Amino acid sequence: MAHAHESNTKRIWVVFGLLSLITMVEVILGIYKPDALFKTNILSSSILNWIFIILTLVKAYYIMWAFMHLEGEKASLRWSIVAPLVFLIIYLCFIVLIEADYVFEVFKHGHFKWIF
């Protein structure tokens with residue numbers, strides 16, 4: 001009995017629509033920068049930055065899930081791919097946010113001048 005090949009056209013359009021919608025939300029928020037989100041800080045960063053980080057992680061996860069075909073794999077294989085990436089992304093976000101706060105404090109209270 002031959003295996004019937006299924007068309008993934010609908011699935012590709014759904015993934016395209018979802019990723020486009022998330023990207024449009026990011027671009028709109030980046031252009032307008034609402035004061036309530038931009039000037040309110042949580043954990044040394046604005047709410048707007050946290051929204052960008054979360055939406056980017058959602059897009060990265062969905063790209064891995066859909067285009068790397070992880071939805072059809074066993075849970076152990078999925079976690080062996082996703083868990084190191086999640087750890088790495090959390091670590092990189094931590095480093096970027098801590099270093100950005102440090103640089104801001106050095107320029108704010110130090111004798112260096114803002115040149116950018």
Side-chain angles (χ1 to χ4, degrees):
M1 182 175 212
H3 178 67
H5 179 67
E6 297 178 15
S7 175
N8 288 328
T9 305
K10 180 181 177 188
R11 183 170 174 269
I12 290 171
W13 281 108
V14 169
V15 171
F16 173 75
L18 181 66
L19 295 176
S20 296
L21 180 68
I22 293 172
T23 302
M24 285 189 288
V25 168
E26 287 178 335
V27 168
I28 290 170
L29 286 174
I31 290 172
Y32 290 113
K33 293 183 186 175
D35 285 339
L37 299 176
F38 184 62
K39 295 183 179 179
T40 305
N41 285 335
I42 294 178
L43 297 173
S44 300
S45 189
S46 69
I47 294 176
L48 189 61
N49 283 348
W50 285 110
I51 290 172
F52 287 146
I53 290 169
I54 291 168
L55 289 177
T56 302
L57 291 176
V58 168
K59 285 193 319 186
Y61 179 79
Y62 205 81
I63 288 169
M64 284 183 7
W65 184 260
F67 295 119
M68 290 178 63
H69 307 288
L70 290 181
E71 76 273 13
E73 300 296 337
K74 292 185 179 184
S76 58
L77 178 64
R78 279 191 299 230
W79 278 108
S80 69
I81 294 171
V82 172
L85 291 176
V86 168
F87 173 74
L88 178 65
I89 290 169
I90 290 171
Y91 175 71
L92 290 175
C93 287
F94 171 76
I95 293 296
V96 166
L97 292 174
I98 294 298
E99 288 298 321
D101 189 47
Y102 172 75
V103 169
F104 176 75
E105 292 297 323
V106 166
F107 280 112
K108 182 178 178 185
H109 299 295
H111 60 279
F112 299 104
K113 296 188 187 245
W114 289 96
I115 57 172
F116 48 90

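Since this is a predicted model, take the numbers as computed values, not measurements.
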Report the distance from atom [atom1] of [X] to atom [atom2] of [Y], rounding to the nearest 0.5 Å.
| X | Y | atom1 | atom2 | result |
| --- | --- | --- | --- | --- |
| S46 | K33 | OG | NZ | 9.0 Å |
| I42 | N49 | CD1 | CG | 11.5 Å |
| I95 | I90 | CD1 | CD1 | 13.0 Å |
| M68 | Y62 | CE | OH | 15.5 Å |
| I28 | T23 | CD1 | OG1 | 11.0 Å |
| L55 | I22 | CG | CD1 | 6.5 Å |

Is there a path of hydrophobic side-chain contacts, each under 4.5 Å between heavy atoms, that joins [X] and [Y]?
| X | Y | value |
| --- | --- | --- |
| I81 | I89 | no |
| L77 | V82 | yes |
| L19 | I53 | yes |
| F52 | F94 | no |
| V58 | L85 | no |

Query raised in the report: Under a 4.5 Å cut-off applied to non-hydrogen side-chain atoms, are L29 and P34 in contact?
Result: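 In short, these two side chains touch, coming nearer than 4.5 Å.
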
Report task. Check whether any side-chain heavy atom of V86 sits under 4.5 Å from a side-chain heavy atom of Y61, and report yes or no. Result ->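 Contact flag for V86/Y61 side chains = no.
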
Requested in this report: Please check if the side chain of R78 supplies one atom and the backbone of G72 the other of a donor-acceptor pair under 3.5 Å.
Outcome: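 Pair absent, no side-chain N/O of R78 close to backbone of G72.
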
Report task. Decide yes or no on side-chain contact (heavy atoms from CB on, under 4.5 Å) for M64 and E71, but give the supporting numbers first. Result -> CA-CA 9 Å; M64 284 183 7; E71 76 273 13; over 6 Å; no

Query raised in the report: Does atom CH2 of W79 have more than 12 heavy-atom neighbours, drawn from other residues, nucleotides or ligands, at distances under 6.0 Å?
Result: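 No, not enclosed.
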
Query - Note: K59-E26 ion pair, threshold 4.0 Å (strictly below) - result: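 A salt bridge is present here (some side-chain N lies under 4.0 Å from a carboxylate O).
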
**Report entry** Summary of ring-ring contact (aromatic ring centres under 6.0 Å, His included) pairs that have at least one residue in residues 10-44, sequence neighbours excluded
**Finding:**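 Listed once each, the pairs are W13-F16.
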
